[in-house]
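Structure first, commentary second.
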Amino acid sequence: MSGGDNLEFEIRPNPAPVGDADRAALLANPGFGRIFTDHMATIRYADGKGWYEPRVEARAPIPMDPASAVLHYAQEIFEGLKAYTLPDGGVAMFRPDANANRFNSSAQRMAMPQLPVETFLRSLHEVIKIDRSWIPEVEDGSLYLRPFAYASEVFLGVRPATEYLYLVIASPVGSYFSGGVKPVNLWVTPDFTRAAPGGTGAAKCGGNYAAGLSAQAEAAEHGCDQVVYLDAIERKYIDELGGMNVFLVLDDGTLVTPPLAGTILPGITRDSVIKLAQRDGRRVEERQVSLDEWREGTASGRVREAFACGTAAVITPIGVVKSESGEFTNGDGGPGEVTMSIRKQLVDIQRGLADDPFGWVHRVL
Ligand SMILES: *Cc1c(COP(=O)(O)O)cnc(C)c1O
C-alpha cells in the first residue's frame, strides 16, 4: 500500500514567470524538449508514510545529494504524453490513463512504489491548468508532459530505495516533422541488443535509453536516423526502435507487429494503431517478424510499407533499412499510403477533428 489516493495539490504559483513577449517568442519555434513551462508538480514518497507533499510550484533545479540512490543505481522511470488544444478551445490529453497504468507497471519492475492512477492524472491536470498559456499554437504543436520518478534516498547500499520523488515537467513542442512527414532510415545493429527476456525491455526506464546510446551513435556513423534492435537470443527477430514500436504493412493490407513478450515497450500508440486498424476490418498479426522476412518481403512485394510509432512523432514511415549484409527499401522509400492514412486517423482523433470511438480523448479544460 503506497497511499496517496486523494491528494490535494498545494499550488504555489511561480513568482517570476516568463513574460508574455518572451513566451510568445519561445513558442514561435519550440522544437522538441528544449523549452519548458513555468511550473512543475512534485510529490514525495517515504516508506511508512506513503506519498506526501503534493505541490505545483515554480520549475527549478532539484537540490540533490551526491549519494542519492538514482545517481548510482538508476532506479528511475518516466512517461511521455501530450496535451492538445481542441477545435473549441478546450484542452485534452490522449489516453492518459494508459500512461498511468504503464507508469505503475514500470514502477513494479523497478521495485518502486506505485502512484494511484487518480493522483497521476491529477498531477497532469494541475500542470496543464497552470501552464495552459504554454501550449503552442503553431501547426501540430502540443504540450509534451514528462512525468517521472526516481530514488531520492541518500544511501549507497544496493536495495530498493525507501524514498522517492515524483515530478511532472512540461515542454511545448512543435511539429516533429518540420516541412512534412519524412521517412526515417534504420540501422540494424549487429553489436548491441536492447532487452532480453526477464530484463527491463517492457519498463519505461531511463536505463534502457542510456544502454541504447552506443547503438544510436553506431547508427549515425552509418548515416541512419535510428536503430532497429533484433531479439537478444537468436538475433533474428525485430524487437523495436528503442523509442518507437514497428509495424509492417503487407500487400493485402494486413499489419504485422512484434508481440508484447516482455522485451518491447507496450506503446500506447502501438495499441491505438491496432485497435483502429481492427475496427476498420484490417487484419493485425502480433507475431515475431524476422529481418529476413522483412527483407525478402520488400523484394517480393509482400511487404509494401513499414512504419514506426510513438507519442513524439505519432507515426513515422520507415524508408531504408541498413545492416552489415546490405540494405533494402520499403515501398518506393517515401511515406506509404496505408501508413499516412492511419497517421491521419490517429492525429485527427487526438486533436478532436474526428469521432473518438474508443473514448481516448480525455478533456482537461
Ligand atoms: C515510450 C516508448 C515507446 C512508445 O510508446 P508510446 O506510448 O506509443 O509513446 C516505444 N518504445 C520505447 C522504448 C519507449 O520508451
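Each ligand, and each atom within it, is numbered from 1 in the order the structure gives.
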Among all the protein's non-hydrogen atoms, which is closest to [atom], and how far away is it?
atom                    : value
atom 9 (O) of ligand 1  : Thr311 OG1, 2.6 Å
atom 2 (C) of ligand 1  : Lys204 NZ, 2.6 Å
atom 11 (N) of ligand 1 : Glu240 OE1, 2.6 Å
atom 8 (O) of ligand 1  : Thr269 OG1, 2.6 Å

Heavy-atom pairs closer than 4.0 Å: do any link ligand 1 to the side chain of [X], the backbone, both, or neither?
X      : answer
Met244 : backbone
Arg194 : side chain
Ile268 : both

Taking Leu145 as the starting point, is it possible to reach Leu165 by hopping between hydrophobic residues whose side chains are less than 4.5 Å apart?
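Per the 4.5 Å side-chain linkage, Leu165 and Leu145 are not co-clustered.
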Path from Leu7 to Val127 over hydrophobic side-chain contacts below 4.5 Å:
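Both belong to a single hydrophobic cluster.
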Using a strict cut-off of 4.0 Å, indicate which atoms of ligand 1 neighbour a heavy atom of [X].
X      : value
Arg102 : 5 (O), 6 (P), 7 (O)
Asn245 : 10 (C)
Gly242 : 13 (C)

Gln278 atom CD: more than 12 heavy-atom contacts under 6.0 Å:
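Yes.
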Check the pair Tyr166 / Trp51 against side-chain contact (heavy atoms from CB on, under 4.5 Å), numbers first and verdict last.
CA-CA 9 Å; Tyr166 166 82; Trp51 295 100; 3.7 Å; yes
Using a strict 4.0 Å threshold on nitrogen-to-oxygen distance, state whether Glu293 and Arg287 make a salt bridge.
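Answer for the salt bridge query: yes.
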Sidechain N-carboxylate O distance under 4.0 Å for Arg194, Asp239:
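A salt bridge is absent here (no side-chain N lies under 4.0 Å from a carboxylate O).
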If you take the nearest heavy atom of each of Ala308, Gly267, Gly212, which one is closest to atom 5 (O) of ligand 1?
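Minimum heavy-atom distance to atom 5 (O) of ligand 1 goes to Gly267.
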Side-chain donor-acceptor pair present, Tyr164, Glu153, cut-off under 3.5 Å:
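No.
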Taking only non-hydrogen atoms of Gly243, do any sit less than 4.0 angstrom from ligand 1?
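Contact present.
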So His222 and Trp187, would you call those rings parallel, tilted or perpendicular, with 30° and 60° as cut-offs?
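The rings of His222 and Trp187 lie parallel, inter-plane angle below 30°.
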